[in-house]
Amino acid sequence: MPELPEVETIRRYLWAELLGDTCTNVVIRRPDLRWPIDVSAVRRCIGRTVRDIRRRGKYLMVAYDRGHLIVHLGMSGRLGVVRRQDPPGPHDHVEWWFRSGKVLRLRDPRRFGSVFWTENDPCTHPRLAELGPEPFDRRLTGRRLYARSRGRKTSVKAFLMDARVIAGLGNIYTTEALFRAGIRPDRPVGDISQREWSRILRAIRSVLRAAIRAGGTSLRDYTRADGTPGMFQMRLSVYRRAGLPCIRCGTPVQMTRIAGRSTYFCPRCQR
DNA sequence: AGTGCGGCCTGTCCGC
DNA sequence: TGCGGACAGGCCGCAC
């Protein structure tokens, strides 16, 4: 579900809510997520104080005095701050209780999410170590993407959704960025010029910035951590708009399938 | 090595 | 109203 803007929205909310608070208990109702939760490791949060909340790609990292909690929300995961007396639902798998009385609750119907604990640098965790640069990393340039894609045959959409190339992009924002850039999602990456890569990178950054400002995209599962929906779904240009007129030229938006994912584009604006 | 696909899960929606 | 099938913000591991 959540891509970078949704995770970033949750990160900012949790930062405001939990910084300086001390974990008093961890309740794990179902450890069988995408990767089985190491219960005794994750319980080491207890007695420690939240010092920072960071994000890497789609991973959230809660930095305690010593040690980091790493959370990935998969497709359907949600993190919310609730009160202890709010009864848990059938998909509320993990809770972190805090001295303030607040409870951080992980809900994930499909259980594609994951929870880890590490006392090392969280970015060296095996699940994070191979991640590519953050989209806003200054070292990431059109020239780098151009160089990285030489000799490759895959589509530009599949390439951008590969987290080893850029971290944090999923189906919605890759689709939207390629519309903004005017590039067909099925273009082979090897054929894309350096100038076009610069355009694609600018489009990625502008769509992510706008989505973060809007608090993310709420289509079905996702809401912000306080339960309010994001607003970016109102500004989607092509995503899930098959058959509807392109907002720029009126041509019907087309739907296709790339790398197993629904992909939308305007056959006239995107070349 | 790069690429595509199946699978992991549950919920929802659509057509019959 | 019930039922089967397709689909859903992700990502891993396996074949070719």
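We name chains A, B, ... by the order of the sequence lines, and we start the count at 1 in each one. As a basis for the values below, the full set of heavy atoms in this structure was taken, side chains included, without hydrogen atoms, waters or symmetry mates. Quick caveat: nothing in here was measured; it's all calculated off a predicted structure.
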*What string of B, S and - do you get for nucleotides 7-12 of chain B 5' to 3' if you count protein non-hydrogen atoms under 4.0 Å?*
BBBBS-
*Rounded distance in Å - CZ (A/Arg56) to P (C/dC11)*: 12 Å
*Please give, in whole Å, the distance from B/dA1 P to A/Phe159 CZ?*
17 Å
*Watson-Crick or G-U pairs under 3.5 Å in DNA chain B, rendered as dot-bracket with [ ] for crossing pairs and | for another strand*: .|||||||.|||||||
*asked:* Classify A/Arg164 by what it touches in the nucleic acid, base, sugar-phosphate, or nothing, heavy-atom distance under 4.0 Å.
replied: nothing
*Tell me which nucleotide among C/dC11, C/dA8, C/dC12 gets nearest to the side chain of A/His72.*
C/dC11
*Regarding A/Lys157 and A/Thr174, is there a side-chain donor-to-acceptor distance under 3.5 Å anywhere?*
no
*How far, in whole Å, is B/dG6 from C/dA6 if one measures between their P atoms?*
12 Å
*asked:* Salt bridge or not between A/Arg111 and A/Asp32? Use side-chain N to carboxylate O under 4.0 Å.
replied: yes
*Can you tell me how far P in B/dG7 sits from the matching atom in C/dG5, rounded to whole Å?*
15 Å
*May I ask you to evaluate whether A/Arg261 reaches the phosphate of C/dC7, defined as a side-chain N or O under 4.0 Å from OP1 or OP2?*
no
*For A/Arg240 and B/dC13, is the shortest distance between a side-chain N/O and OP1 or OP2 below 4.0 Å?*
no
*Measure up the A/Tyr173 and A/Phe232 rings against each other and bin them: parallel (under 30°), tilted (30 to 60°), perpendicular (over 60°).*
tilted
*In whole angstroms, how far is the P atom of C/dC7 from the CG atom of A/Asn171?*
13 Å
*Whole angstrom is fine here: how far is it from CE in A/Met161 over to C1' in C/dA8?*
12 Å
*Starting at CG of A/Leu169 and ending at C1' of C/dC11, how long is that distance when rounded to a whole Å?*
14 Å
*Check the angle between the aromatic planes of A/Tyr239 and A/Tyr264 and answer parallel, tilted or perpendicular using the 30° and 60° thresholds.*
perpendicular
*Between atom OH in A/Tyr59 and atom C1' in C/dC11, what is the gap in whole Å?*
8 Å
*Calculate, to the nearest 0.5 Å, the distance between atoms CZ and CG belonging to A/Arg84 and A/Asn25 respectively.*
8.0 Å
*Have a look at A/Arg152 and say if it touches a base, only the backbone sugar-phosphate, or nothing, with a 4.0 Å heavy-atom cut-off.*
sugar-phosphate
*With distance as the sole test, does A/Arg241 use its side chain to make a donor-acceptor pair with the main-chain N or O of A/Pro245 at under 3.5 Å?*
yes
*Is it true that A/Arg51 and A/Asp65 make a salt bridge, defined as a side-chain N closer than 4.0 Å to a carboxylate O?*
yes
*Distance between the P atoms of B/dA1 and C/dC11, in whole angstroms?*
23 Å
*asked:* If I compare all heavy atoms of A/Lys58 with all of A/Val7, which pair ends up nearest, and what's the gap?
replied: O-CG2, 3.6 Å
*For A/Arg271 and A/Arg187, which heavy atoms make the closest approach, and how far apart are they?*
O-NH1, 2.9 Å
*Could you state the CG-C1' distance from A/Asp162 to B/dG4, rounded to the nearest angstrom?*
13 Å
*In terms of side-chain heavy atoms of A/Lys153, which of C/dC11, C/dA8, B/dT3 is nearest?*
B/dT3
*Any donor-acceptor N/O pair, A/Glu3 side chain to A/Gly170 backbone, under 3.5 Å*: yes
*Check every strand shown and say whether A/Gly170 touches a base, only sugar-phosphate, or nothing at a heavy-atom separation below 4.0 Å.*
sugar-phosphate
_Taking any heavy-atom pair under 4.0 Å as a contact, classify A/Thr154: base, sugar-phosphate, or nothing._
sugar-phosphate
*Protein-nucleotide distance (A/Trp35, atom CH2; C/dG10, atom C1'), rounded to Å*: 12 Å
